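Quick note: residue numbers are just sequence positions, from 1. All values derive from a computational prediction rather than experimental measurement.
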Amino acid sequence: MSNLAAAYLKLEQYELAEWATDCALLHLPSMAKARFRRALARKGQGMNKAAEIDLLVLAKNHPDLTEAQEELIKVRWQKKKNGDGQRAEPNYDEEFPPFDGEEWDPPIDSDSEEARHTTNGKACKFHNHGGCSKRARCGYSHAPDNKSVRDELGQNVCIDYLLGSCKLEQSCSYAHSVTYLLEGWWSSLKEVNAAKVLHSAINNPDYSDPLTMKKLENTSQFGRLKKARDYRSELDAYSALSADVLKSRLKDRSNDKATSLTQNDRFVLTICLEDEETFSDINAHLLKALKSQIKVVCARNVAQAVTYLGAPELTAVIVGDAGIVDRKNSDVTSKLVDYVKRGGSVVFGGLFPTFVSSSAFRQFFSGNFGLNWEYGSYFRTTFFKNTGNDIVKDNPSLDKSYSMKALHVKGINASSALYKANETSRTQSAVFRPTPVTDFSESPAVSARVGKGIVSFLGDVNAEDSSTKTILAMLDLLDKPLPAPSAPKVQAPTPVPIPTPAETPMPELFTPMKSSGKKKGGKKKQSTPSIASPPPSSPSPSIQSSVASRNAGISALPREKCFIMQLTLEYGDVVDGVCKSYIDALRVKMDVRKITSETRAKELLRSQYISGIFVTDPGLTDSARANLLKAIVEYISGGGTVVFGGAFASFVQYPDITPLFSNFGLDWRAGAYTRDSLECNMDENELVETNTFLPNKISIKGLFLANVDTEEIVYTPTGAGVSSRTESPIVFSRFRNGHVGYIGDVNADKCTTPSLLAMFDLLKPHHVAPKPRPHKFVIVLTHFDTIEEYQQTPLFQKLKERNVEIITDERLSDPRISDLFTSRDLLGILILDDMFSIPEREWLGHQVAVYAWSGGTVVFGGDFGVMTTPDEFERYLTNNFCLPWKISSATELSVRLNGDNALIRGLPSSAQQEHVYAEGVFIHDVSPEDMVYKSQPGLGPERATHVPVAYAGVGKGHVAFFGNEEITELDTALTLAMMKL
């Protein structure tokens, strides 16, 4: 612990360094190194008096320790300058433990296998009363805990028994014997009495003598045992914390700071005990939205989850996968239930609906939260807001409706649903015909109150963008006022009267226009010029050559020579801070040259390598720069692109916007200044149509432009901030042969970076890789313990030789498997075991049938015929495929080829065998044209033709049956033919 303290000192984590040295001194009070490091830790916290006490102890007992003498001088000087430093607790014993105190090793450090056997944390009665026969297989704890003391036999003796207060007697899970206990506090009547007082104080929050409690904790053996255990518990907790949360928790250990929580301390916890990486990839949109408002922390194991769930800074919880339903994670579940009942909010979503089973779903919510929720339907449709739900009422910005593929919850109250299907809802599928939704009693988005908190569930399996709003609303983070963003520090200018046209002569080329805006920066500002645009056929000679080059295509020029001009004429320092992410993104694609003078800008406009102009402040609105504005108009006329963005929207005077853009033939005006949600204008905007990588939905705070034509709007407002559909903060318009763009995002958020790149035609990849060839695959449904045997069969070897991927259901839930049925690359489904007699898999069995009727190939073989009972066999095939096939009494027969079967006619002659001796499961009541091989008619008690292999048409697809116990070469050839391989 002393070495750990040294590490904390190097990291300047002084609170933790003091805690670590306290632990070391508790075991060995005379350790000079630990006491010296505690003095340094206290000095780092400003606890100068406490540091001086430690150093005086060292000076007295180790006069030869020169480092302590030198540090004592520094501490006394710092104490004289800054004061003693105060702790929150009065009468804190700064010297404890005394230097000459006894060395003590608490009896909790056993490293035996039994001492580490904690499992569910509940004490094993058999272990503590003579021995547990299950040993390592026992589901209960054999380890010492804070309710017991370990004896020489490894049994845990009840502390309440030692205090004379255990009322359970023989039914107690702990031992009631002191025979094998070593010497300890229980050996002294004085220590026992002190322990009784302290134990009573610990368990009584109204105890009125804190000084006595503190004294007993520092001096009695029982108190030191408790303190050691508390340190051990804290160490385990801190080791599970991530760095960012650890730093915030350190504030609570610093007694000279306020203990109230700040907005920056609070966090949302995501619990992913199985697959955090997949959750983060699929739910990137949600995590980004959360992180824009609050800190987000992920728990990837039980220790982290239990620790975070006990943190006072915890604001809400998202359970991101189904790992929590596993019994081995019951500690997390119990902690989560306690958190909810005390007033917390938890949302089950992400990968949870994809991988949770129906039985586990019902048992989990019923057994832990007392909710009668049941596993419901699974399909895609459009869902509509339930206006009777309290969360919906409190969050008006929730989308009115949206489409999602989701798992539903049954057994809910009508008011608990946030979204529900209605009479207009139809199932949506790329394969099957839409059908009306008829069951309105279930919902994919529900919330229910449990104790003082709320439990929510969102069944969306594809993480739709609109589901981000739904989860934020469930967490009470959607329609809440965000803290105002801090504005860049710009020195306030002194207002200067604007000269009139009579006072300032204007060049004859410009028409004076009135403006009420004032220039920031102290200079006199003339009215914004309106340029008399030259005819498009006559660009100036200086620009003409570069226009010709651009018309030939910039892509033909050497890319390393091309550049974007960053035009920053007034607010250089501010622009650099605001636009950093924009400029960094542009530089990844192309060179960016920052220009701050009019002369240099005019020179670069003549270059054939200029690929665009990024105007980052309102400097062009100054009439003194009319000649530069004229040159830029000519540049655009010849095919160039100019984008106004960065700090432009933050500092432009609203009246200057209209005259500025009128120079480009645009009637754009200043609109609303607000934060709103935006959606791509998919139907009419040229930029959106040619840039598929633009994000579909974003949310920004910005200055909107009004009076914008529909085809010029890149993003349309969808929230409540802007009512007019002719306003937008991101617009892009054609002007003569070039383009003019505007991005009004005042915070230069990363979500608008793609728009900037698209306007300069830098968003599309320059070298598009050829589309990979489709990867064909088959799905195999069988028990996981038999799949390795099938991997060695000729059929699986042939599939691998043909580069066909074999996908099993070992790690996929039934809904996720069914999603694969719609792929055009699926060659067929192989069912090699009894899968659908289990009630939980009936739904998947029906989906397999739907796949066959829609044109797929389903093959039953392997152990399917052997493991499926005759009744289940007949029921499944009749109900799902309308096939009357039945299992017969035959087990081995000589069979002959049925030349009338379409499959046989399509096989090469080398694969056809006239007679075959077959062993395995036979079926009968098969139509003659569906028999692949058949026996003589009228055999056996069924008086029928027995068939080992059948192949029948079902709807647009086919169903096949192989009765052979092993997959033979013949079965392989037939199966490959069925899959057109």
H142 and C124: which non-hydrogen atoms are nearest, and at how many Å?
CD2-CB, 3.5 Å
Under a 4.5 Å cut-off applied to non-hydrogen side-chain atoms, are T21 and F36 in contact?
no
Any donor-acceptor pair under 3.5 Å from D321 side chain to L351 backbone
no
Strictly distance-based, threshold 3.5 Å: is any side-chain N or O of D151 a donor or acceptor partner for the main-chain N or O of G154?
yes
Would you say the side chains of E276 and S280 form a donor-acceptor pair under 3.5 Å?
yes
On a heavy-atom basis, the closest approach of N156 and S148 is CB-OG, 3.4 Å
Checking K594 now: which residues fulfil side-chain hydrogen bond (donor to acceptor under 3.5 Å, both in side chains) with it, not counting sequence neighbours?
D576
Classify the ring geometry between Y8 and W19 as parallel (under 30°), tilted (30 to 60°) or perpendicular (over 60°).
tilted
Are any of the side-chain nitrogens in R266 or E313 under 4.0 Å away from the carboxylate oxygens of its partner?
no
With rounding to the nearest 0.5 angstrom, report the NZ to CG distance, K74 to N48.
13.5 Å
In Å and rounded to the nearest 0.5 Å, what is the CD to CG distance from E67 to L40?
10.5 Å
Evaluate the criterion side-chain contact (heavy atoms from CB on, under 4.5 Å) for residue pair V157 and W186; output intermediate values, then yes/no.
CA-CA 11 Å; V157 181; W186 47 85; over 6 Å; no
Of all residues at least two apart in sequence or in a different chain, which pass the ring pair (Phe, Tyr, Trp, His ring centres under 6.0 Å) check with H285?
none
May I have the step-by-step check of side-chain contact (heavy atoms from CB on, under 4.5 Å) for L269 and K295, ending in yes or no?
CA-CA 9 Å; L269 172 64; K295 186 186 303 176; over 6 Å; no
Which atoms form the tightest heavy-atom contact between A585 and T753, and what is the distance?
CB-CG2, 3.4 Å
Find out whether C751 and I700 are in side-chain contact, i.e. whether some heavy atom of one side chain is under 4.5 Å from a heavy atom of the other.
yes
Find out whether V346 and I318 are in side-chain contact, i.e. whether some heavy atom of one side chain is under 4.5 Å from a heavy atom of the other.
no
Quick one: salt bridge (Lys or Arg N to Asp or Glu O under 4.0 Å) pairs with a partner in residues 34-58, sequence neighbours left out?
E18-R42, D22-R38, R35-D54, R38-D54, R42-D54, R42-E94, K43-E71, E52-R76, E52-K79
Taking all non-hydrogen atoms of both residues into account, name the closest pair between A17 and A41 and its distance.
CB-CB, 3.8 Å
Check whether any side-chain heavy atom of R300 sits under 4.5 Å from a side-chain heavy atom of C298, and report yes or no.
yes
Sequence neighbours left out, what passes side-chain hydrogen bond (donor to acceptor under 3.5 Å, both in side chains) with D584? Give chain and number order.
K580
Centre-to-centre under 6.0 Å for Y174 and H127, is that the case here?
no
Any non-hydrogen side-chain atom of Y161 less than 4.5 Å from a side-chain atom of V178?
yes
Sequence neighbours excluded, the answer for ring pair (Phe, Tyr, Trp, His ring centres under 6.0 Å) partners of Y339 is none
Is there a donor-acceptor pair closer than 3.5 Å between any side-chain N or O of D275 and the backbone N or O of T278?
yes
Look at K335 together with D331 and state whether they make a salt bridge at an N to O cut-off of under 4.0 Å.
no
Which atom of L25 lies closest to which atom of P97, heavy atoms considered
O-CG, 3.2 Å
Non-hydrogen atoms of L309 and V332 that approach each other most closely
CD1-O, 3.9 Å
Side-chain heavy atoms of V317 within contact of V340, under 4.5 Å:
no
Give, for atom NZ of K196 and atom CG of L162, the distance between the pair rounded to the nearest 0.5 Å.
11.0 Å
Rounded distance [0.5 Å steps], OG in S345 versus CG in L475:
6.5 Å
Is the shortest side-chain heavy-atom distance between N283 and T270 below 4.5 Å?
no
Rounding to 0.5 Å, atoms CG (L290) and CZ (F267) come to a distance of 13.0 Å
Check step by step if side chain to side chain donor-acceptor pair (under 3.5 Å) holds for S650 and Y571.
CA-CA 11 Å; S650 299; Y571 299 96; over 6 Å; no
Are the side chain of S334 and the backbone of S330 linked by a donor-acceptor contact shorter than 3.5 Å?
yes
Applying ring pair (Phe, Tyr, Trp, His ring centres under 6.0 Å), can you list everything that pairs with Y14, at least two apart in sequence or on another chain?
none
CA sep, side-chain torsions, deciding dist, call: S2, M31, side-chain contact (heavy atoms from CB on, under 4.5 Å)
CA-CA 9 Å; S2 179; M31 186 188 298; 3.8 Å; yes
When rounded to the nearest 0.5 angstrom, what is the spacing between CD in E15 and CE in M47?
9.5 Å
Can you find a pair of side-chain heavy atoms, one from V319 and one from L336, that are under 4.5 Å apart?
yes
Judged by modelled atom types alone, do Q155 and N128 share a side-chain donor-acceptor pair under 3.5 Å?
no
